[in-house]
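First comes the structure, then the notes that go with it.
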There are 2 protein chains.
Amino acid sequence: MNKSELNEEEIQLWYKWKGSFHSIFGRVIKEMSDHTGLSEGDYGVLDRLDLLGDGSLRQQELAESMDWDKSRLSHHLTRMEKRRLVMRKPLDNDRGVQVIITPTGKSALNDARPIVSMAIRKHFLDQLTDQDVESITKLAERTKKGSAASYNAPAP
Amino acid sequence: MNKSELNEEEIQLWYKWKGSFHSIFGRVIKEMSDHTGLSEGDYGVLDRLDLLGDGSLRQQELAESMDWDKSRLSHHLTRMEKRRLVMRKPLDNDRGVQVIITPTGKSALNDARPIVSMAIRKHFLDQLTDQDVESITKLAERTKKGSAASYNAPAP
DNA sequence: AAATTGTAGTTGACGTGTCAACCATGCTAT
DNA sequence: ATAGCATGGTTGACACGTCAACTACAATTT
């Protein structure tokens, strides 16, 4: 009975929201991958291996920290292994797998960090007013019902 | 010289922004595709054919209105044609192609409309404060430098 | 001990996106 | 006329994502 049709403004708001996200996000990722050859996923993996695991993590922990399912991560690691960015090593006690960043991976990550930072600042942070920051923060708070992974960096 | 490192809050803001978007957007799309079998792309194509073209558009106009490149659209239409959601018909004067919504496509679209509306209301609009709305609107304004496609529905 | 369940990860199939190369045709300039 | 160039679209290769089915083995249950 509740028809719930959206009016023009509501539809436009949805499109604006989508549009801003894709535009900003796309610019950041493109800047990184143009300069480093890493994709967003590559960077996420390497970053977590480095910061959360000091170079290596169990595959499962890595998956959780990225909020990726095991299949997605498995496929992605297979591709990254081919490019020598990471290695996999089976654990024999536990039946898990250790994912280890290679020197190549570490160096790619180090190259990417400043570029990513600059890109996020330029395309995202510099575009935001204080009100936007507050809005984003609160919306995230309201939104994150049951989505575990919020990537809290390891304690200092 | 400009190191431009991000501090913890800045990084977290980026992750919160990404997280909210994916969470909300994912819920809307999942609700639609669970109930109708249409993907986001399918819906976008059908919606524009219906509203902008009254059932058909030149492939290139469709591409522009979606802000997709011709290759992406060509691949997508090939898949949609297989499922009988649209048809392609070559134009002989001009060397273009007319994309036409089929009865199947039209009916799928009509089924999807209320579901999409409800999902957008539930997962997106209902989560927003007035401040969020203002923030989204203004950010989109500031952001849309040179990105043509903002999908303005045809005049009433 | 044998059967069941749970955990960790892999695999294949297929939809989606991007890029570069290609094809066909119409337009323009020589 | 012909040589280029622009337009509109297709194609193939490959990266990325998702789903369901599968393997392997450890831990419990019976």
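Per chain, numbering begins at 1; letters A, B, ... match sequence-line order.
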TODO: Report yes if a donor N or O on one partner sits less than 3.5 Å from an acceptor N or O on the other, where the partners are the side chain of A:H75 and the base of C:dG12; otherwise report no.
DONE: yes
Task: Polar side-chain contact A:S74-C:dT11 base: donor and acceptor under 3.5 Å - done: no
For [Y], is there any backbone N or O sitting under 3.5 Å from a side-chain donor or acceptor partner on [X]?
X      : Y      : answer
B:E40  : B:I29  : no
A:R84  : A:T104 : no
A:E64  : A:E61  : no
A:R121 : A:S117 : no

Task: Within-4.5 Å side-chain heavy-atom neighbours: A:L139 and B:K16 - done: no
Open item on the list: Are the side chains of A:D94 and A:R58 in contact, using a 4.5 Å heavy-atom criterion?
Closed with: yes
TODO: Name all pairs fulfilling the ring-ring contact (aromatic ring centres under 6.0 Å, His included) condition that reach into residues 97-141 of chain A, sequence neighbours left out, sorted by first residue then second.
DONE: A:F124-B:W14, A:F124-B:W17
TODO: Using a heavy-atom cut-off of under 4.0 Å over every strand shown, decide if A:S39 touches base, sugar-phosphate, or nothing.
DONE: sugar-phosphate
TODO: May I ask you to say what B:R88 touches in the nucleic acid, namely base, sugar-phosphate or nothing, with a heavy-atom cut-off under 4.0 Å?
DONE: sugar-phosphate
Open item on the list: Which residues in residues 95-112 of chain A have a heavy atom closer than 4.0 Å to any atom of DNA chain D?
Closed with: A:R95
Task: Contact boundaries on DNA chain D for chain A, cut-off under 4.0 Å to non-hydrogen atoms - done: D:dA15 to D:dA26
